[in-house]
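Not measured: the values here are computed from a predicted model. Each chain gets a letter, A, B and so on, in the order its sequence line appears, and its residues count up from 1.
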Amino acid sequence: MDEKYFPEQIEEKWQLRWAQDGAFEANDDDPRPKFYALEMLPYPSGFLHMGHVRNYSIGDALAWYKRLRGFNVLHPIGWDSFGQPAEQAAIKRGIQPRDWTEENIAHMRGQLQRLGVSYDWRREIAAHRPDYYKWDQWFFLKMFERDLAYKRTSAVNWCPNEETVLSNEQSSGGICWRCGTPVVKKELEQWFLRITRYAEELVSDIKEIEDGWPEKVLKRQRDWVGRSEGAYIDFAVKDHDDKVRVFTTRIDTIFGATAIVLSAEHPLLPKLLAGSSLKDDVVRFAAKIEGARAIKAQDAAEAEEKLGMNTGLLAVNPFNGELMPVWVANYVLMDYGAGAVMSVPAHDERDFEFACKYTLPIRQVIAPIVHGPQGESADIVPGTAQSMDVKIAFTEYGELVNSGDWSGKLSHHAMREMADYAAEKNFGGPAVTYRIRDWGISRQRFWGAPIPIVYCGVCGTVPVPEKDLPVRLPDNAEFTGTGESPLKSVPEFVNTTCPKCGRPATRETDTMDTFVDSSWYFFRYTDPRNEAMPFDPAIAAKWTPVDQYIGGDSHAVMHLIYTRFWNKVMRDLGLVKANEPVKRLLTQGMVTNRVEGTNEWKAMSKSLGNGVDPDEMIKAYGADATRMFVLFAAPPENELRWSEAGIEGAVRFLRRVWTMVYRRREAFDDRRATPAAKLSADEFSDAARALRRKTHQTIARVTDDFEKLDLNTNVAALMELLNALGEFSVEPAAASPADAFAAREAIEALVVMLAPFSPHVAEEMWESLGHEGGLLKTTEVWPVADPELARKEELEIPVQVNGKLRSRVIVAPDITEADLRTIALADSKVQSFIDGHEVVKVIVVPQRLVNVVVK
RNA sequence: GCGAAAGUGGCGGAAUUGGCAGACGCGCCAGACUUAGGAUCUGGUACCGAAAGGUGUGGGGGUUCGAGUCCCCCCUUUCGCACCA
């Protein structure tokens, strides 16, 4: 052991040693309890950034902690290596995506290894390799068989910048998730995965994970699925056989409906208007709305002005036979509910606004329930029929008025009864709708898994047989960036024969969304080289579900909802048993840095020039200090503000630990290191007992905080223990066996507990303390706290007078309440504050505090 | 506009969940060692006050012996959602 701490030497030494020993390799047949620690796999952009460092430092700390506590830990890594940037590089610089990607992976793998993250590298996977994407295609075929994958033409989200389609999740808020460009609508024939079939489960199974997932992520998922209970109602149209179906959550307001409003894209519209003199006008109007919607940049768009047009058609209210006009309007969306609504202006804000603009009647049918002064009787505000005086829509529940036989009922009862009535009379019934749409996975891209479909002039759409998988990407393609898949211009790829009839046929040239790759990758880690299946269900069952998943919350409704969906599909295919793939989720905060010349903290990025290169930090301060700082600087879920001064503090701490070990090490030879069992309690000096107390308190605290992933306070606890060691002033040479024992106990505990944060230096110090074979050689080196030793010998109890701190008294921990009270009252400082006052009450909180109330 | 979360020293953040506010670190101040210090070590550091003491967890009210923590109103910030019938 050198006198001084030289990170680069010991980090290299231990990285080599770990690799040689296979220290982090997880084996299926290991009898110890398993723990699956997982971090979101990176996109191989070429360079690790601080967000990665944070993500992997958190995961690695947990993986180390669990190993040191005797778990068989699976901690893998891989590459989300399909996707846009590789193609962008190809267009810009003429490099083939495959070469670019492989180079980036090689470089980033080196960076991760220099950071010393404890991965089982044997399990590394990369999405762009045929042995991986073969299974994307295999899953696609399974879904195709089960009608979970299908093709249809629809208006899709199109990013004009990247010239490709985006899923709904990827264009949330109307902007491209990757580049922020406003998304436009485009009619395209696309492949979809039927995630809607699992909509109900995606909501209801949240109960299985709600203890382990952040509430904000679950909320976003719930909102995204958008489960809504209500009813369908079919409105007959006068002089037509077709009925217009409407979805409403407020069937109790149906007597207030004064129009039926259809979406411009409503499929029934052309048929209903056939022969109508208004047909051309309506068609033109609908086209205008659709056109406006296509170019609409939704980001800044405040609710657009409502536009509508009367179709001249009349619908019949099935509850009272009343006729009402049928309109077309831009505020009704085709892809939600039934694409048509009943307009109830008195009780819906949007309908109200619409009715005001086009002077449709507004009829109140719900009266607020006002509790009388005694709260015993409900006063109903009488309804004003056909009134235009109403200023705002009353959207609350209440009591029905002007509603025929239903008048007098409460909304809640009426909603249920009216829906049942509709079902009974065969014009509707209770219904549940979801906001979530099927997942569009077609991408007009080269660098993705080809969709394994062949189009035959005779047989139509034919799935590629399983035995022919993978459908390989060609080695080369022309990259022009024109918005068509580059695969289209590769004849060797496109031209094939029909698997069914053998005649010439063409391949599907769209590739899959890269979120397909990441939906199931962590199952592949459990059995990464399986050539017969995506993974062996028996092996996967040993490791999954993931015990702790760590990553950014930017994927709350993309990756994290897709992977839940995929898990359910795999369950139905018999591949997995659990309903949910991830037990606990931690969403880490962003890493920010000051933008030069401003006072703003923003996420590190190349364009802002505020990025920090992890390699430079490792070079300057070492991987151990870099990792420690990142974990110490803020709680994992908070934003982390970068500070170079902070990382220096981390080095300083590691150096002080190092020096402490160096100084004390000599005294730890066999002669002096007497086992605790041979030492009687009274051999320990006061200082030694105090040190042991701190040691055992720290062990308890750190162990506890690890379970909660409170990593920043954990580091603080280790710093406190070091400070306590510093205060333990017994010189190593002069130490009694008991003193030496106490010091050794403290130092060894400190070194072991340091390993999750700064593993290299911890290993080196552990070895210097005379242990061979590394920290993971022996199982369960993690220290165990002895509550007896952690207990305080005396307590300092604060004494308040009227709630203000006035004094402190030192007492034994087991003092009786009565004695504590007596001692507190006898204290001279306390006396000076109660003198001349009457003591009204004395509150004694055992072990905690005394409060004297005086008048 | 709607919804959620959060506001604690100069800064990042602690506070056993109603019981000593500010752990730990950064920064800063003073001192020691030093040819030197952007190294290291020691001490100090919420605010006002010479002290006694007083005041302090975004602001205002409340509950309580006692509130950073619970309740009500307001302000600010951040993040989600944006015609979802």
When A:Gly646 and A:Asp553 are each assigned the nearest nucleotide of RNA chain B, the 5'-most assignment goes to A:Gly646
Parallel, tilted or perpendicular, as decided by the 30° and 60° cut-offs, for the rings of A:Tyr358 and A:Trp327: tilted
When both hydrogen-bonding distances must be under 3.5 Å and the geometry is Watson-Crick or G-U wobble, what is B:rA14 paired with, if anything? none
Measure from CD on A:Glu229 to P on B:rA85 and round the result to the nearest Å. 12 Å
OP1 or OP2 of B:rA85 sitting under 4.0 Å from any side-chain N/O of A:Thr433? no
When we call it a touch if two heavy atoms are under 4.0 Å apart, what does A:Gly649 touch: a base, just sugar-phosphate, or nothing? sugar-phosphate
Hey, does A:Asn712 reach any base, or is it just sugar-phosphate, or nothing, if we go heavy atoms under 4.0 Å? sugar-phosphate
Could you check which nucleotide pairs with B:rG38 in any of the strands shown, counting Watson-Crick or G-U wobble with both distances under 3.5 Å? none
Looking at B:rG27, which nucleotide sits across from it as a Watson-Crick or G-U wobble partner, both distances under 3.5 angstrom, or is there none? B:rU45
A:Asp2 bridged to A:Lys4 by N-O distance under 4.0 Å: no
Opposite nucleotide pairing with B:rU63, Watson-Crick or G-U, both atom distances under 3.5 Å: none
I need the CZ-C1' distance between A:Arg594 and B:rG10, as an integer number of Å. 12 Å
Take atom CD1 of A:Ile647 and atom C1' of B:rG27, then tell me their distance rounded to the nearest Å. 17 Å
Establish, from distance only, whether the side-chain atoms of A:Tyr336 and A:Thr433 form a donor-acceptor pair under 3.5 Å. yes
Winner on side-chain proximity to A:Ala716, out of B:rC81, B:rC24, B:rG27, is B:rC24
Is the shortest distance from a Lys or Arg side-chain nitrogen in A:Glu639 or A:Arg641 to a carboxylate oxygen in the other one below 4.0 Å? yes
A:Glu8 with A:Lys619: basic N within carboxylate O range, under 4.0 Å: no
Could you tell me the separation between the CD atom of A:Glu215 and the C1' atom of B:rC79, rounded to a whole number of Å? 15 Å
Out of B:rG12, B:rA85, B:rC26, whichever nucleotide has its closest atom nearest the side chain of A:Phe632: B:rG12
Map A:Phe833 and A:Val845 onto RNA chain B by nearest heavy atom, then report which one ends up closer to the 5' terminus. A:Val845
Taking 4.0 Å as the cut-off, does a side-chain nitrogen or oxygen of A:Asn714 come that near to OP1 or OP2 on B:rC24? no
Check whether A:Gln800 reaches the backbone of A:Val850 with its side chain - one donor and one acceptor, N or O, closer than 3.5 Å. no
Would you classify A:Asp351 as touching base, sugar-phosphate or nothing, given that sugar-phosphate means primed atoms plus P, OP1 and OP2, and contacts are heavy atoms under 4.0 Å? nothing
Nucleotide of B:rG13, B:rA85, B:rG25 approaching A:Asn723 most closely (side-chain heavy atoms): B:rG25
Check this for me: does the side-chain of A:Lys306 come within 3.5 Å of the base of B:rC83 through a donor and an acceptor? yes
With both distances under 3.5 angstrom, what nucleotide forms a Watson-Crick or G-U wobble pair with B:rG1? B:rC81
Mind checking whether A:Phe629 and A:Trp642 have parallel, tilted or perpendicular rings, split at 30° and 60°? perpendicular
Taking 4.0 Å as the cut-off, does a side-chain nitrogen or oxygen of A:Lys804 come that near to OP1 or OP2 on B:rG53? no
Using a heavy-atom cut-off of 4.0 Å across all strands, would you classify A:Glu349 as base, sugar-phosphate, or nothing? nothing
Nearest-angstrom distance, P atom, B:rC70 to B:rA6: 9 Å
Whole-Å distance, A:Leu218 CG to B:rA4 C1', equals 13 Å
Distance check, P atoms only: B:rC11 and B:rU63, in whole angstrom units. 33 Å
Taking any heavy-atom pair under 4.0 Å as a contact, classify A:Asp223: base, sugar-phosphate, or nothing. nothing
For B:rC65, does either OP1 or OP2 sit under 4.0 Å from a side-chain N or O belonging to A:Lys841? yes
Taking atom P in both B:rA67 and B:rG54, compute the distance separating them and give it to the nearest angstrom. 15 Å
Please test A:Asn851 against A:Arg806 for side-chain hydrogen bond (donor to acceptor under 3.5 Å, both in side chains), starting from the C-alpha separation and ending with a verdict. CA-CA 10 Å; A:Asn851 187 12; A:Arg806 294 304 182 186; over 6 Å; no
If you draw a 6.0 Å radius around CZ in A:Arg821, do more than 12 non-hydrogen atoms from other residues or ligands fall strictly inside? no
Under 4.0 Å, counting only non-hydrogen atoms across every strand here, what does A:Val853 touch: a base, just sugar-phosphate, or nothing? sugar-phosphate
With a 4.0 Å cut-off on heavy atoms, is A:Lys216 in touch with a base, just the backbone sugar-phosphate, or nothing at all? nothing
What's the gap between B:rG61 and B:rC26 when it is taken at their C1' atoms, as a whole Å value? 38 Å
Given A:Phe352 and A:Phe394, is the ring pair (Phe, Tyr, Trp, His ring centres under 6.0 Å) satisfied, shown in steps? CA-CA 10 Å; A:Phe352 181 79; A:Phe394 176 73; over 10 Å; no
Take atom CD of A:Glu639 and atom P of B:rU77, then tell me their distance rounded to the nearest Å. 16 Å
Distance in angstrom units between A:Leu640 CG and B:rC26 C1', rounded: 13 Å
Between B:rA23 and B:rG13, how far apart are the P atoms? Round to whole Å, please. 16 Å
Under 3.5 Å donor-acceptor, A:Thr587 side chain and A:Asp553 backbone: no
What's A:Gln800 touching, base or sugar-phosphate or nothing? Going by heavy atoms closer than 4.0 Å. base
Output the single nucleotide from B:rU16, B:rC83, B:rG66 whose closest atom is nearest the side chain of A:Asn851. B:rG66
Using a heavy-atom cut-off of 4.0 Å across all strands, would you classify A:Arg220 as base, sugar-phosphate, or nothing? sugar-phosphate
Rounding to the closest angstrom, what is the interatomic distance between B:rG58 and B:rA52 at atom C1'? 32 Å
What interatomic distance, in whole Å, is found between P of B:rU76 and the corresponding atom of B:rA82? 25 Å
How many whole angstroms separate atom CG of A:Leu805 from atom P of B:rG22? 10 Å
Under 4.0 Å between any heavy atoms, over every strand shown, what does A:Asn802 touch: base, sugar-phosphate, or nothing? Just pick one. nothing
What contact category does A:Arg806 fall into here, base, sugar-phosphate, or nothing, at under 4.0 angstrom with non-hydrogen atoms? sugar-phosphate
Checking side-chain hydrogen bond (donor to acceptor under 3.5 Å, both in side chains) for the pair A:Lys185/A:Asn157: CA distance, chi angles, key distance, verdict? CA-CA 5 Å; A:Lys185 293 282 177 188; A:Asn157 310 295; 3.1 Å; yes
B:rA21 pairs with which nucleotide, Watson-Crick or G-U wobble, both distances below 3.5 Å? none
Is the distance from OP1 or OP2 of B:rC81 to the nearest side-chain N or O of A:Arg222 less than 4.0 Å? no
Protein-to-nucleotide contact annotation, 5' to 3' order, nucleotides 28-43 of chain B [B base; S sugar-phosphate only; - none; under 4.0 Å, heavy atom]: ------------SS--
Spacing of the P atoms in B:rU69 and B:rG31 (rounded, Å): 42 Å
Counting heavy atoms from C-beta on, name the nucleotide in B:rC24, B:rC83, B:rA4 closest to the side chain of A:Asn330. B:rC83
